[in-house]
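Inspection log for the structure reproduced underneath, given as structure tokens.
A note on names: the letters A, B, ... follow the listed sequences, proteins ahead of strands, and every chain is numbered from 1. Values reported hereafter were calculated over all heavy atoms of this structure, with side chains retained and with hydrogens, waters and symmetry mates removed.
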Amino acid sequence: MGPAQLVAPSPWLRFSLLPILGCSMRATELHLVTLRQPPAEADIASHRWLVRGGFIRRVTAGVYAYLPLMWRVLRKVEAIIREEMDGTGALELRLPALQPAELWRRSGRWDTYTAGEGIMFNLRDRQGRELGLGPTHEEVITTIAADLIRSYRQLPVSFYQLQTKFRDEIRPRFGLMRGREFIMKDAYSFHGNEEDLRCYYRIMDGAYGRIFSRCGLKVLAVQADSGAIGGAASQEFMAVAEAGEDLVLSSGDGRYAANQERAQSLPSPPVPLGVAEDRLFATPGQASIEAVCGAHGLNPSQTLKVLLHRACFAHGPHQPVLTVLRGDQEVNTVKLINVLSSLLADRGTLLALERLDADALNNHGLQLPVGFLGPDLPDHAIEGAPNLMGSFVRIVDATAADLAGFVCGANVVDQHRRVPGWSALDVSFTRADVRAAQPGDRCCHDPHVVLTATRGIEVGHIFQLGRKYSTALEANFTTEGGGSEPMWMGCYGIGVSRLAQAAVEQNHDDKGILWPLSIAPFEVVISVANGQEQEQRQLAEGLYGELGAAGVDVLLDDRPERAGVKFKDADLLGIPWRVVVGRDAAKGQIELKQRSKSQALTMASSQLLGKLLPQLQRQRQGMVPEEGV
RNA sequence: CGGGGCGUAGCGCAGUUUGGUAGCGCGCUUGCUUUGGGAGCAAGAUGUCGCAGGUUCAAAUCCUGUCGCCCCGACCA
């Protein structure tokens, strides 16, 4: 029979009796459900801890419920984002998630996002109208801007929203890292000229740096590919983490960092190969570069690698593509897609690029000497294949094009060929950079510096879109001179829910999460070691009231659990500061401990606020606490 | 979409090969004891064994289909 029952006979009554204490809360009211065992669904640390700590629950593949603890974290992240966005002059609004296909057809993205990548959830309503759930909002905001903005006098303007986004990911994974429904901050800016866009882009760049740093994340800003969204300059913000899905290549001198999709580097020089005359030689069963090199004492850089692809465009037949790289290089499909897109711009959007390996060729009804292909593979080799029309688009990477003599396949099984130079081959190529930069490659800006690899989680991406969408959607404004021009646009995204999980990925140990204070669900937890002791309860209640009144987000762990359980849970939840009210409560003494430290500090309870508040102030501004606490 | 794996209590799992009353640990409920790092004892509750067909006297177990989930790959502001 606890005293609580005397005060509040109905569990609902207590709400009307609650004093207003900021965002403080009692564990008995929080509906805290932690798991002792790691869930089977989770594969990476941050996912495991978020589920074990009772922050999130999976509803279906790639779709999560944010439980009250997580919601507190997300609200704090959002608050930081709002402050920084408002600081750039951006205006918050909220756009619909449900969008008409018509808008996406006007920008030309409906097919890419539904038929092509298939990333947009789409549906027909009862009248047969086609709709999509927004994976991004360029179309809607551009239409609105076109409606609102008439004159250069109204520019520039920037809108942002915090909203649920939908993407039908082929393989959702890692909890909130790659979900099919997630929270995103997206901002869109409109400008009268390109210089103004560039200027605001730099302002956003700065705001992004502050947002991530205030959220306690270690983030690398890297050059990025613009992808399906289009546009010119673009930069990604990568939270450094082993579990990250992206590979970042950066130079030790800090002057260059790029997503591997985009990264450029100097290839290693090839081992020279003098070829006196063009001749065939037998390579029985040697269908790989390694096999040929091993058997004939060659270096891979003395050979050519030939890859076949099938490019599916929105208009026109499927295009066969033949790509040549130096034997020691790998293709970068993102670069290849970009090259093909611009080369065949009249075919519309490139919907898919399928690699034609031996199996795929078989499925297309073709028998080619795979493993023995040469750059001069004749066009008639693919005649009769129902899904491949016309002649090859032939692309040669610079590394291959620059070779004087080389070894390549002879287009005959078990035959390779020594070729004295490209002039010996009677075919023409488009020269392009389609090779993947690799860690260890020399940097373009300084050949003495090599690229190193870091894995990262993309938590933000900013783009200078230019006038792609404003042109397609006729978002024009009247210029000072009285003419009419499409507006210049930028867009700026932050994966809010992903950011929160990235923070966990960067800040955990074997006991649980270590939230950065600025986004922790609570700043302080008061653990009552033994809730049956009158002195402990009273002292804890007093401190709870004081901290709450001082504007601290404090959790009072008043559950009827043993001390060990409360300590384990406090560590699991990752609350940055813990106040233990325990055996010395009768003497008015308490313990103060940081989640990240093993040492606790014993002090009189009257000293707590004086010690703690200045430290909290520092940490809220993104600084580390002083030593000795 | 290709390859692999898994669906049994709230969570983690055994049982499936060889068909025969549905189990273990944690959690949950009640009581007593305990009370500073996930307590002890005792008593208890909880399952359409993912779903639908089929085989059989009998199916968690065998067969067929189907749905869902996880991992690898492909893919991906």
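Separating the P atom of B:C63 from that of B:C6 is a span of 14 Å, rounded to the nearest Å. Distance noted for atom P between B:U48 and B:A52: 12 Å (whole Å).
Residue pairs meeting the side chain to side chain donor-acceptor pair (under 3.5 Å) criterion with at least one member in residues 491-505 of chain A, sequence neighbours excluded: A:Ser46-A:Gln501, A:Ser46-A:Glu505, A:Ser189-A:Tyr492.
Ring to ring, A:Tyr113 and A:Trp104 are close: their centroids are under 6.0 angstrom apart. Between A:Tyr188 and A:His137, the distance separating the two ring centers is not shorter than 6.0 angstrom. A centroid separation of 6.0 Å or more is found between the aromatic rings of A:His191 and A:Tyr201. Taking the ring centroids of A:Tyr200 and A:Trp488, they lie at or beyond the 6.0 Å cut-off.
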If you restrict it to nitrogen or oxygen atoms, what contacts under 3.5 Å exist between nucleotides 49-52 of chain B and the protein, and what is each distance?
none

I'd like a table of atom pairs between the protein and nucleotides 32-36 of chain B - only N or O on both sides, under 3.5 Å - with the distance next to each one.
| unit_1 | atom_1 | unit_2 | atom_2 | d |
| --- | --- | --- | --- | --- |
| B:U34 | O2 | A:Arg562 | NH1 | 2.8 |
| B:U35 | O2' | A:Asn530 | ND2 | 3.0 |
| B:U35 | O4 | A:Gln532 | OE1 | 2.5 |
| B:U35 | O4 | A:Gln532 | NE2 | 3.1 |
| B:G36 | O2' | A:Arg583 | NH2 | 2.7 |
| B:G36 | O6 | A:Arg583 | N | 2.9 |
| B:G36 | N1 | A:Glu591 | OE2 | 2.8 |
| B:G36 | N2 | A:Glu591 | OE1 | 2.6 |
| B:G36 | N2 | A:Glu591 | OE2 | 2.8 |

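With distances taken from any side-chain atom of A:Ile170 to the nucleotides B:C75, B:C76, B:C71, the minimum falls on B:C75.
For B:C69, the base has no donor-acceptor partner in the side chain of A:Arg58 [N/O atoms by modelled type, under 3.5 angstrom]. Donor-acceptor pairing under 3.5 Å, judged by distance alone, is present between the side chain of A:Gln37 and the base of B:G25.
When the side-chain nitrogen and oxygen atoms of A:Arg171 are compared with OP1 and OP2 of B:A74, none of them lie within a distance under 4.0 Å.
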